[in-house]
Amino acid sequence: MELTSILQGTHNARELTGLPLTGGGTLASGLLFRSDALAALTDEGLQELVDLRIGTVIDLRTDGERSRAADRLPEDGSVTLLPLPMQGGAMDEMVKRLLPAAGGASLSVTQVADVLKQVPTLEGLYVAILEASAAQFATVARTVLAASRTEHPGVLFHCTAGKDRTGLAAAILLSVAGVPREAIVEDYTQTEKNLALGFAQALTGLITSLGVPLTPSLKTLATESPASAIEAALEWIDANHGDVSGYLRSGGMTNDEIADLRRVLRGE
């Protein structure tokens, strides 16, 4: 369910609800919310966090990202912030490579060439995040399970654009619930449409302002969410851990915790 118009100040917010489940039924409502960063959340958006019974916000951004644009949350402490840094997503990785090289000025031709040589594919980036972040993804899953037992069961997880780290977290949680792969992919690809409404231009503007041409690979990295990227990530999990449950076990979750989470997300 689209929430960008409700969580004013966001560009890529939605509730994960109503998705079909293998074996019948639909994903439980009021539990899973995904978004881009909440730094620009308006007063109305703050109230909607409360009205949606979102009691926990998980910030998947790096310390540097958070310091540049901290989340805006209710001052009364009604929403708990859980910083859970993961390896940078597409734009954060690019910013870290561009800004030191630029030194406040446009890049030279040689520097531009060096940067373009280092541009990863989304598939490669996602595998790198998964390899380094099993414990963090397990913490996301545990947090959802714990929050479901409270009066404010909603958990909103986000990174900067709500595309890469957020997309992986959503795919993992939906897989645990038993959402069919095609529905998981459809949710992931929705991000590109959301970002195209204005946010993508700001992301690409950061790159071109430093004198770097917006090549197709850079555009994909910064603003797109092709089905092939999330499919490759899920295939990597299957190939290396058997399934998402195996991946979460590698991050420290127990079989009982995973089974409980699956029941909660299925509304059983």
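This chain uses plain numbering: 1 for the first residue, then up along the sequence. The figures that follow rest on heavy atoms only: side chains count, while hydrogens, waters and symmetry mates do not.
Applying the salt bridge (charged side-chain N to carboxylate O under 4.0 Å, His left out) rule to pairs touching residues 7-29 yields Arg14-Asp187, sequence neighbours excluded. Sorted by first then second residue, the salt bridge (charged side-chain N to carboxylate O under 4.0 Å, His left out) pairs that include residues 119-144, not counting sequence neighbours, are Arg142-Glu257.
The main-chain N or O of Ala13 is found under 3.5 Å from a side-chain atom of Thr4 such that the two form a donor-acceptor pair. Distance alone, capped at 3.5 Å, is enough to place a donor-acceptor pair between the Glu192 side chain and the Ser225 backbone. Looking at Asn12, its side chain does come within 3.5 Å of a backbone N or O of Ala161 through a donor-acceptor pair. For Lys163 (side chain) and Asp36 (main-chain N/O), no donor-acceptor pair under 3.5 Å exists by modelled atom type. A donor-acceptor pair under 3.5 Å is absent between the side-chain atoms of Ser29 and the main chain of Thr17, judged by distance alone.
For the pair Gly267 and Ala28, the tightest heavy-atom approach, listed with the atom from each and the gap, is N-CB, 4.0 Å. Looking at every heavy atom in both residues, Ala200 comes nearest to Thr223 through CB-CG2, 3.7 Å. The two residues Ser250 and Ala134 come nearest to each other via the heavy atoms OG-CB, 3.6 Å. Shortest non-hydrogen contact noted between Gly162 and Thr191 is O-OG1, 3.7 Å. Nearest approach of Ala138 to Met253, heavy atoms of both residues: CB-CG, 3.7 Å.
In this structure, CG in Leu130 is found 11.0 Å from CD in Gln136, a value given to the nearest 0.5 Å. Considering CG of Leu60 and CG of Leu84, their distance stands at 6.0 Å, rounded to 0.5 Å. Note: Glu44 CD to Ser5 OG = 12.5 Å, rounded to the nearest 0.5 Å. Summarising the geometry, atom NZ belonging to Lys193 is positioned 5.0 Å from atom CD belonging to Gln190; distances are rounded to the nearest 0.5 Å. The distance from atom OG1 of Thr150 to atom CZ of Arg53, rounded to the nearest 0.5 Å, is 8.0 Å. Note that CG of Leu168 is 6.0 Å distant from OH of Tyr126, once rounded to the nearest 0.5 Å.
Hydrophobic clustering (ILVMFWY, side-chain heavy atoms < 4.5 Å, transitive): Val50 and Ile58 are in distinct clusters.
Residues Arg66 and Pro83 have side chains in contact (heavy-atom distance under 4.5 Å, counting atoms from C-beta outward). Between His11 and Leu197, the closest side-chain pair of non-hydrogen atoms is not below 4.5 Å. Side-chain contact between Val155 and Leu82 is absent, with no heavy atoms from C-beta onward closer than 4.5 Å. The shortest side-chain heavy-atom distance between Val185 and Thr189 falls under the 4.5 Å cut-off. Using a 4.5 Å cut-off on side-chain heavy atoms (C-beta onward), Leu27 and Arg266 make no contact. Here the side chains of Glu268 and Val264 are not in contact, with every heavy-atom distance at 4.5 Å or above. The shortest distance between side-chain heavy atoms of Ile129 and Leu125 falls below 4.5 Å. Pro120 places a side-chain heavy atom less than 4.5 Å from the side chain of Leu221.
Aromatic ring pairs are classed by plane angle as parallel below 30°, tilted from 30° to 60° and perpendicular above 60°; the pair His241 and Tyr247 is perpendicular.
With salt bridges taken as basic N to acidic carboxylate O contacts below 4.0 Å, none links Arg68 and Asp63.
When the salt bridge (Lys or Arg N to Asp or Glu O under 4.0 Å) test is applied to Glu151, no partner is found at least two apart in sequence or on another chain. Residues passing the salt bridge (Lys or Arg N to Asp or Glu O under 4.0 Å) test with Glu48: none are found, sequence neighbours excluded.
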Under 3.5 Å, side-chain donor or acceptor atoms of residues 171-184 against the rest of the protein: list the pairs with distances, not counting sequence neighbours.
from: Ser175; atom 1: OG; to: Ala171; atom 2: O; distance (Å): 2.7
from: Arg181; atom 1: NH2; to: Asp238; atom 2: OD2; distance (Å): 3.1

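In this structure, Val57 shares a hydrophobic cluster with Met1, Leu3, Ile6, Leu7, Phe33, Leu38, Leu41, Leu46, Leu49, Leu52, Ile54, Leu73, Val79, Leu81, Leu156, the cluster being traced through Ile, Leu, Val, Met, Phe, Trp and Tyr side chains under 4.5 angstrom apart.
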Applying side chain to side chain donor-acceptor pair (under 3.5 Å), run through Asp256 and Thr254 and close with a yes or a no.
CA-CA 5 Å; Asp256 286 345; Thr254 66; 5.4 Å; no
